[in-house]
Trainee: 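This is the structure I want to talk about, given as structure tokens.
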Protein chains: 4
Amino acid sequence: MTTDPTPRLRADARRNRDRIINTARTVFTERGTEVPMEEIAREAGVGVGTLYRRFPDRDSLIREVAVESFERLIADIREITEHQSDAWQTITELLDRATDLRTVARLTVLSPRAREILAADPTFDTAHNEFMRTLDGLIKRAQADGTMRSDVSTGDLGVIIAMLLQGVQVLPDPVRDMMPGRYIGLLLDGLRAGSTSELPGRAVRAEEVIFRHPEPEE
Amino acid sequence: MTTDPTPRLRADARRNRDRIINTARTVFTERGTEVPMEEIAREAGVGVGTLYRRFPDRDSLIREVAVESFERLIADIREITEHQSDAWQTITELLDRATDLRTVARLTVLSPRAREILAADPTFDTAHNEFMRTLDGLIKRAQADGTMRSDVSTGDLGVIIAMLLQGVQVLPDPVRDMMPGRYIGLLLDGLRAGSTSELPGRAVRAEEVIFRHPEPEE
Amino acid sequence: MTTDPTPRLRADARRNRDRIINTARTVFTERGTEVPMEEIAREAGVGVGTLYRRFPDRDSLIREVAVESFERLIADIREITEHQSDAWQTITELLDRATDLRTVARLTVLSPRAREILAADPTFDTAHNEFMRTLDGLIKRAQADGTMRSDVSTGDLGVIIAMLLQGVQVLPDPVRDMMPGRYIGLLLDGLRAGSTSELPGRAVRAEEVIFRHPEPEE
Amino acid sequence: MTTDPTPRLRADARRNRDRIINTARTVFTERGTEVPMEEIAREAGVGVGTLYRRFPDRDSLIREVAVESFERLIADIREITEHQSDAWQTITELLDRATDLRTVARLTVLSPRAREILAADPTFDTAHNEFMRTLDGLIKRAQADGTMRSDVSTGDLGVIIAMLLQGVQVLPDPVRDMMPGRYIGLLLDGLRAGSTSELPGRAVRAEEVIFRHPEPEE
DNA sequence: TATGAATGAGGTTTCATTCAT
DNA sequence: AATGAATGAAACCTCATTCAT
């Protein structure tokens, strides 16, 4: 499923690679993509040299973290779907477990730089498209069920998720951790079917928000 | 109203100062507070030296832009209030004219650096407190009118505004400008009185979100 | 003996560090502490980055050079003392071999900036106190021997040494190297026991001249 | 006597010029020749523009201060000579009133930059030569009187004066003001006729120390 | 292979000097 | 003529990336 750029690694090399990716994911999510490479290396417990051996520059690190985060997120959704067949509930649960969602938001919708990198790399399309397809399926089902208002699109949901999660992220520490649920609650109330107001503007297509290799219309 | 840091400037100096502040406001809002000083100077059409003569370092530039943006925003609110007595409508209109609101969001809730600067500077309290008081008044009135749900606070609204506007900000260019209204619509539906769901967590106090010089209880 | 700030360095790093310190010592002694860092790096044959990796700012470079110079000077004194038991002769020889003495003078008595740096750093006290104790011992012995007038103190000698060596330093190149001995000769004549004039003012305490962490009275 | 570069000035212009020169003299003497021009202007109570109108660059300011300081010093000597015919006493008194002497020392022997400027400017020779001639006369007389040892030259005295005064200058504030007399005392003891030691090296010619337009041998 | 040292380009800031008011 | 604003070159320092051990 992945582009699998690292066919076989010695056990210790593998361990280092994992540490770096994990550290980078956390750091990118919490502090953005511009954190010094030296610092990422230090937090991962390796030298910069090792980091650069694995990822020749910052862009390639961002790319790998993004690919992997998409995959994790897709796995999250799968897991939820296993025990939860209601689409609205699935969306709610997904938003509640925001961890990987937040990373993806930061590395796609919320970082112009990351967006550019990913947009330039067609090998990334697979993971991305699968995610979009999945989200799209959920929304359509929730709308068919009559639980979600029908005038919002997958792209809209992408925007909203990104906005909310980013917002939550920068809150001062003490408020931060307890808050996501609250604002997701408000948002869901807005998304719920039966809302009275008519939304201005038009629905956003997913490709407009994330990046621009729209899958050839099947 | 102003802290008036520059009692009297020669006409040309005034012009340059204004250009710098305007450029910085745009640039900070669009691209964040870390844009190179040289670039701000270039876009403002002045030499770096001029920029530094007026604002001895980046922090002081951020500070001035923030103060001024708060003042502009307060003026916006006043203007709306003049022709609009309904609190809910006032909030809606305010959110629709998001320009200065977006700047303020970026420079308070959304930038840890800016937040730190402002928190360290008591001279900033005047503008800040006036804004908070105004927002607070609006919310209380809307809740008293029965148009806004009563389980949200001024701090909550601050968080939401910031989250939304920040999110909107990073959308890809073509989508960006037409979008705010749409998501504000969704949000307002969530905020509207009569919503069914019970919000988790607790209301956030304004000082928790922005910064920490709560006005001495009068 | 050393504060040993660099437990173990790779051979090449060690070589670079030494080059930098040596270059800085020369340059500080000849041209003062404000010589551009780029230039020090260039003369040491390394990039600026290397200089800054080892010494995060100018102050820390000054500090290291100072510590090391004190240590060299103490070693000089030890060496002289090994073959020379007469205190007056020791002082004379010490003044004749002015190299490290001049560096120390420049970095303590003669540079307000360096003095401030060193005064702020208690880890520096060891080297400093040892030097002062040594000098003090010499003077007391010379006075006990009846070779040095008894109305001068260690602090006085510090002032005089600094003044003379600084003066010598700025002489035009061709005159410079042959001169110290001459003026030291004049000075020593003034210091010699049996001088007729009575000195105005009072003896200076060493701490007044150098800096202000007087060793806790034992 | 002066090179008189400013034939006639309006009263206010004259006043500004004087303020600038006085401020610059103090500042150069206390803190060296590299103090920011803006700061000199501020302390003089004029704008930078005014400073630059009068002195087109730093070098020319240094030059003017130097010329004037020489003239003041010569006047000092004259004044002393009026009531004091003993050459040794004259030298002693001169050293005791160190003010202008210190400025001259800083701007000639002690500042490589200033020395270069003055050396490059033949119009400066007049003041300089007169001073040297005067000092030379005093020394010769003191030696003829048998009060000063005969193996020192005018150049030597220049070196010593400069060294001592510079040294005094950089002493920590509390010690500084009360000290010059003390070290001058020591020095004079060394200079006094009857000293036992034989000086190493050779006498320095005045031109070697100050700068290099040796007056055509008359 | 892993490490951390070295490099230098680029961003920040200061200040000598010029120029508009 | 006086002022203080504007300029840009040069110094400081950081960090992405390359390279020696």
Trainee: Taking OP1 and OP2 of dT7(F), is either one under 4.0 Å from a side-chain nitrogen or oxygen of Thr50(B)?
Mentor: yes
Trainee: Using whole Å, what does the distance between atom C1' of nucleotide dC13(F) and atom CE of Met37(C) come to?
Mentor: 9 Å
Trainee: Check the distance between dT14(F)'s C1' and Arg42(A)'s CZ and give it to me in whole angstrom.
Mentor: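 The answer, rounded to whole Å, is 13 Å.
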Trainee: Does the side chain of Arg54(C) come within less than 4.5 Å of Thr50(C)'s, by heavy atoms?
Mentor: no
Trainee: Go through Glu43(C) and Val27(C) one step at a time and tell me if the side chain to side chain contact (heavy atoms under 4.5 Å, CB included) criterion holds.
Mentor: CA-CA 9 Å; Glu43(C) 282 200 29; Val27(C) 155; 3.9 Å; yes
Trainee: Closest approach to the side chain of Arg58(D), judged atom by atom: which nucleotide of dC12(F), dT17(E), dT13(E) is it?
Mentor: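 Of the candidates, dT17(E) comes closest.
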Trainee: What is the distance from CZ of Arg17(B) to C1' of dA6(F), rounded to the nearest Å?
Mentor: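 So the two atoms are 16 Å apart, to the nearest Å.
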Trainee: Between Glu64(A) and Arg17(A), does any NZ, NE, NH1 or NH2 come within less than 4.0 Å of an OD or OE carboxylate oxygen?
Mentor: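 Salt bridge between Arg17(A) and Glu64(A), a charged N being under 4.0 Å from a carboxylate O: yes.
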Trainee: In terms of side-chain heavy atoms of Pro36(A), which of dA2(F), dT12(E), dC15(F) is nearest?
Mentor: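 Nearest to the side-chain atoms of Pro36(A), counting from C-beta on, is dC15(F).
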Trainee: OP1, OP2 of dA2(E) versus side-chain N and O of Asn16(A): anything below 4.0 Å?
Mentor: yes
Trainee: What nucleotide among dA5(E), dT17(F), dG8(F) has an atom nearest to a side-chain atom of Val48(B)?
Mentor: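 Looking only at heavy atoms from C-beta outward on Val48(B), the closest nucleotide is dG8(F).
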Trainee: Suppose we define a pair by two distances each less than 3.5 Å, Watson-Crick or G-U wobble; what does dT21(F) pair with here?
Mentor: dA2(E)
Trainee: Taking 4.0 Å as the cut-off, does a side-chain nitrogen or oxygen of Tyr52(C) come that near to OP1 or OP2 on dC13(F)?
Mentor: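 Checking Tyr52(C) against dC13(F): at least one side-chain N or O falls below 4.0 Å of OP1 or OP2.
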Trainee: Using whole Å, report how far CD of Glu39(A) lies from P of dA16(F).
Mentor: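 One finds 10 Å between P of dA16(F) and CD of Glu39(A), rounded.
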Trainee: Let me know the distance between CZ of Phe55(A) and C1' of dA2(E), rounded to the nearest Å.
Mentor: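 From Phe55(A) CZ to dA2(E) C1': 15 Å.
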Trainee: Relative to the 5' end of DNA chain E, which residue comes earlier, Glu34(D) or Leu51(A), by the nucleotide with the nearest heavy atom?
Mentor: Leu51(A)
Trainee: Starting at CZ of Arg15(B) and ending at C1' of dA6(F), how long is that distance when rounded to a whole Å?
Mentor: 12 Å
Trainee: If you pin Arg53(D) and Gly49(C) to their nearest nucleotides in DNA chain F, which one's is more 5'?
Mentor: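 Nearest nucleotide further toward 5': that of Arg53(D).
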Trainee: Measuring only between side-chain heavy atoms, which start at C-beta, is Leu61(B) closer than 4.5 Å to Leu51(B)?
Mentor: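 Yes - at least one pair of side-chain heavy atoms lies under 4.5 Å apart.
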Trainee: So that I can tick it off, tell me whether Asp18(D) and Arg14(D) are bridged by a salt bridge, with the cut-off set at under 4.0 angstrom between side-chain N and carboxylate O.
Mentor: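 Salt bridge present between Arg14(D) and Asp18(D).
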Trainee: So does Arg54(C) get a side-chain nitrogen or oxygen closer than 4.0 Å to the phosphate oxygens (OP1/OP2) of dA6(E)?
Mentor: yes
Trainee: How do Asp57(A) and Glu38(D) order along DNA chain F: which one's closest nucleotide is nearer the 5' end?
Mentor: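 Its nearest nucleotide lies further toward 5', so the answer is Glu38(D).
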Trainee: Figure out the CZ/C1' separation between Arg14(D) and dA1(F), and round it to whole Å.
Mentor: 16 Å
